[in-house]
Amino acid sequence: MEKLSDFLNYEIIKIGDSGHLTVKMVLVVIAVFILTAIILRGIKKLLTRKLPEEDKLKFTSVFSFARYFIYLVVVFITMQNMGVQMSAILAASAALLVGIGLALQTFFQDIISGIFILLDQSVHVGDIIEIDGKVGRVVEIKLRTTRAVTIDNKVLVIPNHKYLTSILYNWTENGTKTRESVSVGVAYGSDVDLVKELLLQAAKTHPKVMKHPPPLVLFMNFGDSSLNFKLIFTLNNSFEAVLPQSDIRFEINRLFKENNITIPFPQRDVHLYNN
């Protein structure tokens, strides 16, 4: 029994002038840590048992951040009550804590941004987003990062603070249907009514172009070397919009060749003056 007492009171490290850390203190902290984890797990199950699955995932993300803060507070209070002068430890490590704080500035910025995303529901799993010129379908929203998969199956790991510092385009905020377009220019002198008819035909015959609302053609402008048109159509899967757009361009090129519609290339007139 005496040996056990000596072991529990064995001084691991001396803190300040009168404080010290013993084996007993370490064991108590570990026990309190485990007890806190069990209590938090029970609270989490109690609060999330009636929540919808989507809200449950959001609560879990926010709760995971709060849990680490609770652990830190509990350990601090436990050590303080056992006689360890935490103020001395904090004072001794002030410079280190300042350095860690600066290093973790972006980390906590990501976490706070993640909480905002989960609370205001600006982005959901399954949404198609565009940020900094990158387009992807959101597959996972974590507290620090958001993961999205591009059309070529590459994973975008987006730090959540990007949502606060960059412009975010949510392609599917208003639903999965989006309006897409293909632009083309034809030579001056072309039959514009025939051009419109052929463009509509190219869109209507594609299986992924929706019938309602129907495709439409806009005469955009009189360009330097061409008459410029835009074909607008609706898709139900904008994530793969480049594939229908490519198919429609192939079809437009075929129809124009069959009907002698020319797609011009830029031309310039050069005048030489002999002095």
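Keep in mind that this is a model prediction, so the values were computed, not measured.
The two residues K208 and L235 have their closest heavy-atom pair at O-CD2, 3.2 Å. Nearest heavy-atom pair across A202 and I248 is O-CG1, 4.1 Å. The nearest pair of heavy atoms linking T234 to P213 is OG1-CG, 3.4 Å. Nearest heavy-atom pair, F229 versus M220, reported as atom, atom and distance to 0.1 Å: C-CG, 4.0 Å. Heavy-atom minimum distance, V139 versus V125: O-CG1, 3.8 Å. The two residues P215 and V209 have their closest heavy-atom pair at CG-CG1, 4.0 Å.
Taking CD of E240 as the reference point, atom CD1 of I128 lies at 8.5 Å (rounded to 0.5 Å). Once rounded to the nearest 0.5 Å, the distance linking OG1 of T205 with CG of L200 reads 10.5 Å. Summarising the geometry, atom CD1 belonging to I30 is positioned 7.0 Å from atom CD1 belonging to I34; distances are rounded to the nearest 0.5 Å. K196 contributes atom NZ, which lies 12.0 Å from atom CG of D191 (distance to the nearest 0.5 angstrom). Between the CG atom of N260 and the CG atom of L194 there is a distance of 9.5 Å, given to the nearest 0.5 Å. The distance from atom CD1 of I158 to atom CD1 of I141, rounded to the nearest 0.5 Å, is 10.0 Å.
Screening residues 146-161 for side chain to side chain donor-acceptor pair (under 3.5 Å), with sequence neighbours left out, gives D110-H161, T145-R147, T146-N160, T146-Y163, T150-D152.
In terms of modelled atom types and a separation under 3.5 Å, the side chain of Y188 and the main chain of G223 share a donor-acceptor contact. Panel note: side chain T36, backbone V32; a donor-acceptor pair is recorded below 3.5 Å. The backbone N or O of S181 lies less than 3.5 Å from a partner atom in the side chain of Q245, making a donor-acceptor pair. With S190 contributing its side chain and A187 its backbone, the two residues share a donor-acceptor pair below 3.5 Å. N259 places a side-chain N or O within donor-acceptor distance of the main-chain N or O of L255, the cut-off being under 3.5 Å.
No chain of hydrophobic side-chain contacts below 4.5 Å, direct or via other Ile, Leu, Val, Met, Phe, Trp or Tyr residues, connects I151 to V149. Linking Ile, Leu, Val, Met, Phe, Trp and Tyr residues whenever their side-chain heavy atoms come within less than 4.5 Å leaves I252 and I232 in two separate clusters. Under the 4.5 Å side-chain heavy-atom criterion for grouping Ile, Leu, Val, Met, Phe, Trp and Tyr, L216 is not connected to L198 through any hydrophobic cluster. Taking hydrophobic clusters as Ile, Leu, Val, Met, Phe, Trp and Tyr residues chained together by side-chain heavy-atom distances below 4.5 Å, V217 shares a cluster with I263. Hydrophobic clustering (side-chain heavy atoms under 4.5 Å, transitive across Ile, Leu, Val, Met, Phe, Trp, Tyr) keeps F265 apart from V186.
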### Verdict with reasoning, L231 to F233, per side chain to side chain contact (heavy atoms under 4.5 Å, CB included)
CA-CA 7 Å; L231 172 62; F233 49 90; 4.1 Å; yes
### Message
Determine whether Y169 and I129 satisfy the following criterion, side chain to side chain contact (heavy atoms under 4.5 Å, CB included), listing intermediate values before the conclusion.
### Response
CA-CA 6 Å; Y169 295 94; I129 61 172; over 6 Å; no
### Message
What verdict does the side chain to side chain contact (heavy atoms under 4.5 Å, CB included) test give for F256 and T262, after you've listed the backbone C-alpha separation in whole Å, the side-chain angles of each residue and the deciding distance to 0.1 Å?
### Response
CA-CA 7 Å; F256 279 9; T262 303; over 6 Å; no
### Query
What do the steps show when you test H124 against V138 for side chain to side chain contact (heavy atoms under 4.5 Å, CB included), and what is the final call?
CA-CA 7 Å; H124 302 83; V138 177; over 6 Å; no
### Task
Applying salt bridge (Lys or Arg N to Asp or Glu O under 4.0 Å), run through R137 and D127 and close with a yes or a no.
CA-CA 6 Å; R137 188 191 300 275; D127 285 353; over 6 Å; no
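A salt bridge is defined here as a Lys NZ or Arg NE, NH1 or NH2 lying under 4.0 Å from an Asp or Glu carboxylate O, and E130 with K134 fails to meet this definition.
N221 and N228 form no side-chain donor-acceptor contact under 3.5 Å, judged by distance and modelled atom types alone.
Annotation: side chain of K177 is in contact with side chain of M210 (closest heavy-atom distance under 4.5 Å).
For L46, the CG atom counts as densely surrounded, since its 6.0 Å shell holds more than 12 non-hydrogen atoms of other residues, nucleotides or ligands.
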